[in-house]
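This report refers to the structure that appears directly beneath it.
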Amino acid sequence: MPKTIEHTVGQLTWLGPFLCIGFVILALIRPSPKFPIPNHYRRVVDASGAPVRVALPFRGAALTWGISAPEYIEDTRAPGVLIHGGGAAARKWFARQVISWIYPKVLKDDKVWDPKPTAYAHGPYAEVEKLMAFNPGAYLGIGGGPATLLKRAGLPALCVRCGRGKNWDDEIFATARVMTALLGDPQQGERLIADYLQTFKDLENELRPSTIPEWPGVLIMGSMTRNRNHLYVKSVLNSYRIYLPPAAVRNASKGWTGERQDAERILAMDPDYIFLVGVKEPPFATQGPKEFMKDPRWRGLKAVREKRVYRMPGSGPGGLAGLIFQPMWVRWMAEIVHPDRLQPKVRKMLRDRLLHQFGYHITDDRIDAQLHLDENRDSAGYKRFTRDYRPVEKKEPAK
Amino acid sequence: MSDIAVRFYELGHRYSLSRWVFQDYRAEVARGSTFALLGPNGCGKTTLLKVLLGALRPAAGSIEVHGRTAFVPQLFQVTFDYSVLDMVVMGRARRVGLFSQPSMKDEKACLIALDRFGIADLAHRPFHELSGGQRQLVIFARALVSEADILILDEPTSALDLRNQGVILDWIHRLSREEGLTVVFTTHHPHHARAVADMTMLMLGERRYLFGHTAEVMTEKHLHELYGVTLKRLQFEHDGRMVETFVPVHALGSTGVAVETAGTLLK
Amino acid sequence: MTDLALAENGATEEAKSETVSSARKHGWAVPVLLGVGVLLAMIASLCLGAYPMSFGRAADILFHLALPVPLPAHPPWNIKELTVVQIVRLPRVLLATLAGMGLGMSGTALQGMMRNPLVGPDIVGVSSGAAFGGVMAMLFDLPPIGVIALAFAGGFAAMVCTYFLSRLANRTSGMALVLAGVFIGAFFIALVGLIEFVAPDSQLPSMVYWLLGTFVGADTKKVLMIAIPTLSGGAVLMLLRWRINLLSLGDLDAETLGINVGVLRWAVIALVSLIVASQVAVSGVIGWIGLVVPHCARMLVGPDHRRLLPAAALLGALFVLGLDDVTRSIVQAELPVGILTALVGTPVVCFLFWKTQGKGWEHE
């Protein structure tokens, strides 16, 4: 009776797709595919303590979520083996850094940069496929993000910092160690770290923070030009906090602050110095010191009355500069706040260190640009950062 | 099993505490008989049907229903455009297991039922496209396949044209005589009740009702009390048999007297 | 005599019955075709992405992965292709398929149960309720089972509220239900807003992105989270599908046909809430699918839920899978699929509204 069969088939048709999909789901429960172990490899222990086998000869590195190209180049000096540096935004960010002057070829190399914006913000797995297609020798990432998934698939993904350190110093040391080990020169990482620590030690010897009875309060903040009410304050819990004591300043912000900040609370904090972070270029431009001091909301602030508002060098909307630049910007802050105790050395340091580390001669114009002289020139005590500054006035009262 | 299909005992229902819709109603309907419920608008006919169907719990008294009921609502509309066969098959709900679908056997039974009403050719037509009379017959077929013992109809003839009214009344008659179904229906037309009902109940008021054999209950006096309108009993000969019916006589303002169906006053 | 009276219309009927029963004639062929279509669409979706992959290769890998036997020792594919299929693309494809199936089924069941072709899970507030449960769970960092449980509780509560609110309107007209759904939905959306307001900065962006409806970040855990409730709840719904026909007749009618309307209705509400909650828990609120897909399925196989429910499940899967493929490939930036469904769905819904207004969906 074909009609009966048709009837039964009609009643059970739904079962077929259900079963097929059920079987396909079972496929996900299978163990992940295992990538073969390369014949020649270098064993690198990443920041999470996991050993990773990196095939030799090294095919290059692809940066994933959380790692920026300046950081990578600063630590490794190996722009040639950078296979993927990030998306369009990462390229823009790279172009603003001193590193891009030193290695202009990286900036120009279209192969390194993906013209599309990255989708990391949309979840950790958004970019995995694109990254797989690059076929690099190693993927660099931080805890979470696509690197985790790549690692689970057995691909050589290294976690360069995993949020295990007590403070930001530990994290950037770990980054330097993993990256230099990947390139087969772990000594270079140690040299960088030692150099970094020495710079801070030199600053401490000259400034002697413990002998300063009262540390001025500073506020590191940003205010968007497009929307003046969008204020950002680096809180006392932010990674920046550990760079405040070496400069003998304290964070004037109180409690947990962040994206949603209102002007009234900043007025209540009333810091002695204000350091502005963020970039000058739209669309995410933040106010510079001139614009900030003209803003009627801030007229009552002590720092504004005394013109102690500065745009910070080398700081982006959230990232910190690495091992080489970080100590210099701390010294820059210390020189502004404690001009009487410190010789004006920032310009010379920048020139010397770039020459020493990268063999790069930086021009005076570029130093001016790095120190934001165009914007900071009128702020209190900024003359010492100009190129023709001679510390003469200081000696006169001594006579 | 007793010969009583439906029994009301001191039955009462009210929607609010203060006002009873009806109270102390007593009636007995024998199996296989036809029972008509008459009353003016708002007297509680539909409420009584709902109590009968078990959709409302009686507020007082008790009701006994011996056998399975099937309901034919006044205006049958469905949201979705089911085919006639789909509609009729739904009558088999009691016979189909909770997690199963109707079988070929069920469909065959439905086609037989449709054929019984002479509408087997409509089986695959959408229910929406049928005329009012055809829809009623489809619902009758559904009641038949549901193997109900008691058919409950809410104003089965009210939305139909004269010819289809006749068809439906004929089927009510045939279902109770040929299939042994007990039929309970409400109507606004006394002559419909007179035509097919064995027993009739006139819902006169909250506590007042008349229940008995149709011929005894339906008198000019009672109907006048029920509707507040004069109804004339007419007897005439048709095809060699005497026929009895009731015709309302309305007073129409200044013109004097008009008869509802016959039109105007004859000198 | 009776037959004569009705036969009058009979002359024109023959021509009509030909066209009308066409849906019924290949009633079971459509679900089969749709099932094959879904499988082909799944394989085709596996080919989309940054890593190049041919249709044959994807089918080959999927076939071997789905068979419950070990993979061949010397496979024709390379290990990267296997990884891309197994770890990256398959979870997402399955997530979209299951979400579509769940939405198609639950929308159909809701429309049938509520006797109103203008409702869907997002219209009666289930999605908003589930979203509220979901963000609550995210706020407290609950494990997956907790997310589903809270989403289910929220969705169920919203649905119960909507249902009783529409009953207050005394007549179960179509508009009362839709309006009640709008009220309850707005209330739960406000609660979601409240949670967003108190949520710390670190959780806010992921919450917002999740609420927009997205399949990004699919993994095995999420697939299991949606698969178990959708396939098991869906199977029960499938078994009950003929009873949805009966529910769609109305309470009194269904009751007199001998089914327990109360129990059946609550069972369907619970199943629908479960399916929608699991979908919302893994991929956020994806609107309109549950409303539009049942209509399209009805055009294909007719209104009988015995054929409609499977067809709607498969059509929903096809629909959502297709939309997700569009967000993945044509719209390069990962547009949340919830936005795309709303953009595509709203005009369709407007059209349906215009079309159904004339018909008798408001009755009793």
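Computed from a prediction, not measured in an experiment: that's the story for all the values here. Both backbone and side-chain heavy atoms feed into the values below; hydrogens, waters and symmetry mates do not. A note on names: the letters A, B, ... follow the listed sequences, proteins ahead of strands, and every chain is numbered from 1.
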For residues [X] and [Y], determine if any side-chain heavy atom of one lies less than 4.5 Å from a side-chain heavy atom of the other.
X      : Y      : value
A:C20  : C:L39  : yes
A:I25  : C:V223 : yes
A:N135 : C:K80  : yes
C:P91  : A:L28  : yes
C:T83  : A:F35  : yes

Show the nearest heavy-atom pair for residues [X] and [Y], with the distance to one decimal.
X     : Y      : value
A:A27 : C:L90  : CB-CD2, 4.2 Å
A:F18 : C:G234 : CE2-C, 3.9 Å
A:P17 : C:G35  : CG-CA, 3.9 Å
C:H64 : A:R30  : O-NH2, 3.2 Å

Residue among C:L82, C:T230, C:L94 with most heavy-atom pairs under 4.5 Å to chain A: C:L94
Between C:A235, C:A317, C:A313, C:P68, the one whose heavy-atom pairs under 4.5 Å with chain A are most numerous: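 It is C:A235.
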Let me know if [X] has heavy atoms under 4.5 Å from chain A in its side chain, its backbone, both or neither.
X      : result
C:M53  : neither
C:L98  : side chain
C:L231 : both
C:L314 : side chain
C:L224 : side chain

Atom CZ of A:F23 with >12 non-hydrogen neighbours under 6.0 angstrom: no
CD1/A:I29: more than 12 non-hydrogen atoms of other groups inside 6.0 Å: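 Count over threshold, so yes.
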Region of A:L155 that comes under 4.5 Å of a non-hydrogen atom in chain C: side chain
Spacing of CE belonging to C:M42 relative to CD1 belonging to A:I21, to within rounding of 0.5 Å: 5.5 Å
